[in-house]
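Before any comments, here is the structure.
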There are 2 protein chains.
Amino acid sequence: MRASERVHASLREDILAWRLVPGTVLSEVEQAQRLGVSRTPLREALGRLAAEGLAVVGKGRTLVVSDLSADDIRALFELREALETQAARLAARRRRPGVFEELRDRFEAAPELLTADDPGRTEYYRLAASLDAAVDEAMDSPYLLRSLQGLRTHAVRARRLSRDNLARLVKAAGEHRLITEAIIESDETLAAQATAVHLRASLATILASLTAPDHAPAAPEPAPEPAPQPAPQPAPHPNPVGV
Amino acid sequence: MRASERVHASLREDILAWRLVPGTVLSEVEQAQRLGVSRTPLREALGRLAAEGLAVVGKGRTLVVSDLSADDIRALFELREALETQAARLAARRRRPGVFEELRDRFEAAPELLTADDPGRTEYYRLAASLDAAVDEAMDSPYLLRSLQGLRTHAVRARRLSRDNLARLVKAAGEHRLITEAIIESDETLAAQATAVHLRASLATILASLTAPDHAPAAPEPAPEPAPQPAPQPAPHPNPVGV
DNA sequence: TGCCCGATCGATGTATACAAACGCGCCGTC
DNA sequence: GACGGCGCGTTTGTATACATCGATCGGGCA
């Protein structure tokens with residue numbers, strides 16, 4: 001793997017996990033030394049972060065980690081609603097049989113999955129990611145896909161800021177099932193509206209979590225020890241969202 | 001101005017104007033020599049082009065100018081419809097009085113403007129760009145704005161591929177007026193639907209132009225002589241679209 | 001004669017040295 | 001005491017040299 005890619009992935013993950021909090025200045029020499037590369041690949045990584053919107057130019061020529069306030073999250077969901085409803089609409093129009101039927105069954109069985117503790121949640125995230133992937137493939141719209149990918153980066157960041165909620169996940173499973181069924185029935189309008197319903201509920205959950213009295217703002221996830229595992233198998237989706 | 005910016009703007013404009021046609025390989029050393037800079041700033045420019053989707057990695061590690069077929073344009077408008085209808089909806093919700101009233105009057109007067117020849121068209125493009133800018137400002141949604149900006153790059157490229165059509169512009173003026181009026185009346189649904197109508201008509205015009213028998217495919221616009229003008233004043237919008 | 005392997009060549013990827021620009025602080029003056 | 005100008009230092013921007021990877025083409029073997 002190229003150094004620039006590795007460094008980009010590292011910085012990106014640090015930002016998404018809130019280990020690099022908004023306002024942190026991303027000095028070239030400092031980050032280059034920290035990550036053990038020269039400035040050249042690091043600059044490329046910073047450029048990609050800026051293109052993704054994870055970093056913005058601050059005062060002077062400095063690059064700082066971008067902010068993500070409650071207002072930002074609201075604005076983010078205004079974009080998300082536009083993109084994901086269109087994605088659902090197109091998926092309902094073009095879906096090929098089989099894939100979504102299986103997903104529907106899995107969403108039906110999801111509440112049982114969610115009675116268990118943490119492993120069950122992880123499994124549900126994978127399921128939600130599978131739905132995303134199925135919609136991505138079914139809609140067959142490269143430009144929309146690109147925008148969705150860029151959006152999901154920020155969606156992940158927002159979700160990791162808020163708190164996971166078991167009751168919410170059970171409800172989300174029902175909403176996902178509804179979307180899946182609408183796609184199966186090729187009901188474009190219903191698919192779009194069910195997606196909108198889901199997104200509104202999801203946004204409300206996140207915002208409520210932010211204002212909760214016991215919410216630890218920007219609780220940075222501990223950096224995972226660089227365990228010498230063989231290689232983490234790639235998830236069906238790099239950034240599971242949709243909960 | 002930084003060399004990397006200048007080179008990026010130059011390459012970008014070459015691609016939008018179809019002087020660099022799809023499939024052209026963007027070799028680092030070759031382009032660096034052609035544009036008179038070293039590989040370092042050129043690499044940064046290429047990275048930005050790739051992030052915008054104007055260039056894609058081809059076989060090997062080569063970067064090539066991205067394709068823009070009729071199917072691509074259709075897919076592009078699937079994204080565009082999602083973004084611009086949402087933008088119109090939000091603009092209708094949040095618009096501040098005054099701006100759109102003036103735009104409506106100008107769109108009403110547009111047909112007379114369009115009886116003249118080329119200068120009239122250029123003026124209409126500026127007017128359409130003004131509407132874009134007004135919507136951008138009124139919707140007040142940074143993430144949506146970002147996606148729209150990225151989209152417009154490709155929209156410009158598509159428009160420059162097709163042929164300007166005077167009759168179409170007159171009709172477009174009417175569609176724009178309808179959108180403006182809906183925003184003035186704070187009618188979100190109508191604003192969104194009027195935008196959808198406009199985009200469908202616009203897409204149809206572009207596709208028809210492509211299949212026209214006398215259509216010169218990829219007629220490259222001549223590179224403008226680097227006239228030593230003092231400095232081109234920034235247009236209200238860098239990429240006027242919306243016709 | 002066809003397939004596979006390897007060397008060579010050309011490209012991209014990385015490191016580093018140099019240049020320039022901007023911020024910041026100090027000093028002088030008003 | 002406050003404001004403005006000037007110089008220094010740190011940072012980013014650029015150029016270039018080197019490393020490394022992959023593609024292609026030729027030769028050898030089956």
Side-chain angles (χ1 to χ4, degrees), chain A residues 1-15 19-67 226 230-231 234 238, chain B residues 1-15 19-67 226 228 230-232 234 238:
Chain A
M1 193 187 216
R2 298 187 297 230
S4 63
E5 286 181 46
R6 204 157 40 80
V7 167
H8 172 251
S10 173
L11 284 169
R12 175 192 159 98
E13 185 54 32
D14 282 347
I15 294 175
R19 288 189 293 269
L20 285 176
V21 297
T24 306
V25 295
L26 297 171
S27 163
E28 294 183 0
V29 286
E30 177 190 345
Q31 297 298 323
Q33 287 179 353
R34 182 174 76 88
L35 297 169
V37 294
S38 87
R39 280 180 56 215
T40 307
L42 187 104
R43 273 179 70 89
E44 187 168 327
L46 291 184
R48 291 171 71 174
L49 289 179
E52 291 172 305
L54 291 177
V56 293
V57 290
K59 72 168 188 176
R61 286 173 297 184
T62 67
L63 204 67
V64 303
V65 176
S66 68
D67 198 8
Chain B
M1 192 187 217
R2 297 190 299 237
S4 63
E5 287 182 44
R6 206 159 35 82
V7 167
H8 171 250
S10 173
L11 284 170
R12 175 193 159 99
E13 185 54 32
D14 282 348
I15 295 175
R19 288 190 292 269
L20 285 175
V21 297
T24 307
V25 296
L26 297 170
S27 163
E28 294 183 1
V29 286
E30 177 189 347
Q31 297 298 322
Q33 288 180 352
R34 180 173 77 90
L35 297 169
V37 295
S38 86
R39 280 180 56 215
T40 306
L42 187 105
R43 272 178 72 88
E44 187 169 326
L46 292 184
R48 291 172 71 175
L49 289 179
E52 291 172 304
L54 291 178
V56 294
V57 291
K59 71 167 189 176
R61 285 173 295 184
T62 67
L63 203 68
V64 302
V65 176
S66 68
D67 199 6

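In what follows, chains carry the letters A, B, and so on, assigned in the order in which the sequence lines appear, proteins first and then strands, with residues in each chain numbered from 1. Computed from a predicted model, the values in this text were never measured in an experiment.
Regarding A:Arg2, its CZ atom lies at a distance of 13 Å from the P atom of C:dA15, rounded to whole Å. Atom CG of A:Leu26 and atom C1' of D:dT12 are 14 Å apart (whole Å). Distance CD (A:Glu28) to P (D:dT14): 11 Å, rounded to an integer number of Å. Atom P of nucleotide C:dT14 and atom CE of A:Met1 are separated by 11 Å, given to the nearest angstrom. Remark: C1' of C:dT12 and CD of B:Glu30 are 14 Å apart, rounded to the nearest angstrom. Straight-line distance from the CZ atom of A:Arg6 to the P atom of C:dG13: 15 Å, rounded to whole Å. Whole-Å rounding puts the A:His8 NE2 to C:dG13 C1' distance at 17 Å. Straight-line distance from the CZ atom of A:Arg43 to the P atom of D:dT12: 8 Å, rounded to whole Å.
Between A:Ser66 and A:Pro22 the shortest heavy-atom distance is O-CB, 3.4 Å. Shortest non-hydrogen contact noted between B:Ala3 and B:Val37 is CB-CG1, 4.0 Å. Considering all non-hydrogen atoms of both residues, A:Ala45 and A:Leu11 come closest at CB-CD1, 4.5 Å. Among all heavy-atom pairs drawn from B:Val21 and B:Val65, the shortest one is O-CB, 3.5 Å. Closest of all the heavy-atom pairs between A:Leu46 and A:Glu28 is CD1-CG, 3.9 Å. Closest heavy-atom contact between A:Leu42 and A:Ser27: CD2-O, 4.4 Å.
Toward the 5′ end of DNA chain C lies the nearest nucleotide of B:Leu46, the other residue of the pair A:Pro41 and B:Leu46 mapping further downstream.
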| task | Do nucleotides 16-24 of chain D as a string where each nucleotide becomes B, S or -: B if the base has a protein heavy atom under 4.0 Å, S if just the sugar-phosphate does, - if no protein is that close. | result | BB---B-SS

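Here A:Thr62 lies out of heavy-atom contact (under 4.0 Å) with every strand.
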